[in-house]
Amino acid sequence: MESIKDKVAVIGMGCTKFGERWDTSTDDLIVEAAYEAYEDAGVGPEDLQAAWVGTTGSGSAGQCLADPLKLKGIPITRVENYCATGLDAFRNACFGVACGMYDVAMALGFEKLKDTGAGGLGVGRGQHPVYETRRTAPGSFAFIATRYFHKYGIDKTTLAKIAVKNHHNGTLHPKAHFQREITVEQVLKAPIIAWPLGLLDCCPTTDGAAAAIICRADMAKKFRSDPVYVKGLGLSVDPMLPMSRPGFEYLGFQSNVNAARQAYEQAGVKDPLKELSVAEVHDCFTITELVICEDLGFCEKGTGKEHVDAGTFTLEGELPVNADGGLKAFGHPIGASGLRMTYEVYKQLQEKAGPRQVKNPKLGLSHNLGGPPVVACVALLGN
Amino acid sequence: MAGIVSYGAYIPKNRLSRDELARAWGGNSLKGERSVANHDEDSITMAAAAAMDCLQGMDTDSVDALFFASTSSPYTEKQAASIVARVLDLRRDIFTADYAGSLRAGTSALRAALDAVKSGSARNVLVTAADCRLGAPRSIDEQAFGDGAGALLVGADSAVAEVEDVYSISQEITDVWRTSEDRFVRNWEDRWVIMHGYDATTREAVTGIMKRNNLEAADIARAVLTGPNPRSHQALARALKFDPEKQVQDLLFGSVGNTGTAQPLMLLAAALEEAGAGDRMLLAGYGDGSDTFILKATEALGSLSERRGIKGHLSSKRALDRYEQYVRYRGLMETEAEEAVRKSMRSSATALWRTNNSVLSLHGSRCKICGTTSFPVQRVCYGCQSKDQFEEVRLTDEKGKVYTFSLDNLAGGVEPPTPMTVIETESGARVYCEMTEAAPDELKVDMPVEMTFRRVHQGAGFINYYWKSRPVR
């Protein structure tokens, strides 16, 4: 197997303001993200040779991208891979370019969640009438918290510290959905959504879109002096719902481990805690961030609490995790999240992250985890 | 001689005090408490539970027919017995039938089962009866009715109670009824209902069967008489010269209530729990006539395996604090959220039909190569990826415990937060399901559970049945 390392470059990115965009349509979100990316890359729609678009339910087919952007005649593929949709759209675009078929392509992810009339993602998903009865997103991740608490003896306070950190980071990003500090006490006293997870352990439902323009690495300097290069791409899908999977320990996810291993091998990363400058991970719930940090090798399984207490993953820590506030502060417009994370990594590597800027950035990671969950995607970007 | 080979019962865990019903509406309390089916229970789920109690330690392949009796089947058109048979994992080449339309349906099914066994058309017939009847709000019925189920296995040999004679009479009378449009039970004036319905008819049938067997009241060790309330029941017993204290099976009115078609089967089960070998018993059911039976307990009673029966279910209970809970459980009032779920709920008859081995029989697959057990049935093994190398295993036979859980306020349901559980069975299979009848603070990792057959959601005219976990009763 070959490596994707240094074959593709990101030359422009765009990201909408995330939030309750009541007055903004799906098409408006796409235009907002795409035109920021065009401008950033110094290209126009006529320069795109192909596109990949990610959404789980806010649009269908490639048409959902062609329509608002009036893209004429180019191949566009819609990608859906649960909450890993955005990053997988990016991954597919990278391979399209890396194989030499296209020189310049776009990956765009979007989701419009505030048109449903409901505050959450809904209930009872799945293809069978009863097997996945009453499955909710917070309920699925509460299973992890219950088991993790049981195994390692930690409690909700550790999770609350993760929420406090990400809310703080969100105050430093004007595009974040939430722009306010919270306290550990507020998190612990918040109404329970799915025990043991309370309201402030959960990311909000949000509207948003984000886009990347990518090109062949050898062409990148023609577009800008500071392109960012793709160093590794991993994707892993686990068979069977976690709830049905024999022997599943509910302490982390094999798909996380495998997706990260693929990307680390391509990039030559041996010690992610030391080698990564910044990591944007899929903190749909506070417990998720905790187990992801372990699954991705930032720390040993079961030691997350020590690192949370020590501040390892704060902006000032050894490896800032979710420097922009993560899903906790940005919300989770499903198809958009992976590209929103990549937008932050891209800006950090270009040292354009303002008050959130990490020092001496070299390598950044973005990561999505999707489903009940069963699928993980990891992208490594570097200078 | 044909007789009762095994018995079982089911009483829902919920009890509502009649004082609370009287408080809610004003008026007099009939005292004691009544059983209330949980919001996820109906006649089918209760019949299945009683049947499982009855088949404890029995070979299910020996059952040749299954009868289901009820006046409150959730379906007007669709057989309940075939659902219960699938839940019990009975053979496919059996005869199933529903008995309905009368409070006598339970004893009518029992009589038909005896006839089938006597004729040789079946060796063992499982008779189930369950009712979950609705008394009109504020009516005496609302206080008097109870929910429950009974089951009797009728067979040609090793009877715990041989049936010596059967005698029935038919009586046309509109005393207690529901038309196809009615939700609540209707009654004509109670004095006439008792005098010329229940009392006169049952007395006539009992007198008839006693006479043709040359039996006096004193020959009966236990008289099991159904009845709508203790007063009429005792009056009937006295008129038949039975000593209510010593000879007559308690009506379970103060603890359960009138369980309709299930009542005679449940009372017989209660009597058999106390009976000794050689005891002669009388069973009388009423409804548009009367079915009567003379039985004689045998030595085989002593060798029946342990079961919950009436006693076990009676002692396992939880009190409903408020009438409002009853209203919710019976769906007498619907919240906006519940209405939205009901209207939007979709199901798939074809998907359920294709998977009813897992959905109704709770079958998992055990890999013949590596031994991994999975649920629902998987063609390709999770453990070793071998294809179609599995045998189906029934997971209700295995002990289970909570592997992990959540208390979900977002999942909807009648009583949020809804406990959602991942159950691990002894063989390592995982079953993802709701937990029912648990207090939120009761849930713990590793707590032992048992699986119980319930309704999981319904809407758009479709009832979805599936399994839930519950704390061991």
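Residue numbering restarts at 1 for every chain, and letters A, B, ... go by the order of the sequence lines.
Contacts with chain B (heavy atom to heavy atom, under 4.5 Å) involve these residues of residues 190-199 of chain A, listed by number: A/Ile192, A/Ile193, A/Ala194, A/Trp195. Interface with chain B: from residues 287-299 of chain A, no residue qualifies, criterion being any non-hydrogen pair under 4.5 Å. Among residues 404-415 of chain B, the residues having any heavy atom closer than 4.5 Å to a heavy atom of chain A are, in sequence order, B/Thr404, B/Phe405, B/Ser406, B/Leu407, B/Asp408, B/Asn409, B/Leu410, B/Ala411, B/Gly412, B/Gly413. When the heavy atoms of residues 374-393 of chain B are compared with those of chain A, the residues falling under 4.5 Å are B/Ser374, B/Phe375, B/Pro376, B/Gln378, B/Tyr382, listed by number.
With B/Tyr403 as the aromatic partner, A/Arg147 meets the cation-pi criteria of under 6.0 angstrom to the ring centre and within 45 degrees of the ring axis.
Using a 4.5 Å heavy-atom cutoff, the side chains of B/Val422 and A/Tyr250 are in contact. Inter-residue side-chain proximity for B/Ser358 and A/Tyr131 is flagged as met; some heavy-atom pair is nearer than 4.5 Å.
A distance of 13.0 Å separates CD1 in B/Ile423 from CE in A/Met243, rounded to the nearest 0.5 Å. Taking OG1 of A/Thr133 as the start and CD of B/Glu434 as the end, the distance is 5.0 Å to the nearest 0.5 Å. To the nearest 0.5 Å, atoms CZ (A/Phe248) and CD (B/Glu424) are separated by 12.5 Å. With rounding to the nearest 0.5 angstrom, the NZ atom of B/Lys444 is 11.5 Å from the OG1 atom of A/Thr146. Distance check: A/Arg135 CZ to B/Met420 CE gives 10.0 Å after rounding to the nearest 0.5 Å.
With a 4.5 Å cut-off on non-hydrogen atoms, B/Thr355 touches chain A through its backbone and its side chain both. Looking at B/Ser348, the atoms closer than 4.5 Å to chain A (heavy atoms on both sides) sit in the backbone and in the side chain alike. With a 4.5 angstrom heavy-atom cutoff, B/Ala429 does not touch chain A via any of its atoms.
Judged by distance alone, the side chain of B/His457 and the main-chain N or O of A/Pro129 form a donor-acceptor pair under 3.5 Å.
Considering all non-hydrogen atoms of both residues, A/Arg245 and B/Arg430 come closest at O-CG, 3.6 Å. Smallest separation of non-hydrogen atoms from A/Val130 and B/Tyr465: CG1-O, 4.2 Å.
Under a cut-off of 6.0 angstrom, the local environment of CD in A/Glu249 is sparse, with at most 12 non-hydrogen atoms contributed by other residues, nucleotides or ligands. Within a 6.0 Å sphere centred on NZ of A/Lys156, other residues, nucleotides and ligands contribute more than 12 heavy atoms. Atom NZ of A/Lys301 sits in a crowded spot, with more than 12 heavy atoms from other residues, nucleotides or ligands closer than 6.0 Å.
Considering only heavy-atom pairs separated by less than 4.5 Å from chain A, the leading option among B/Thr372, B/Asp446, B/Val359 is B/Val359.
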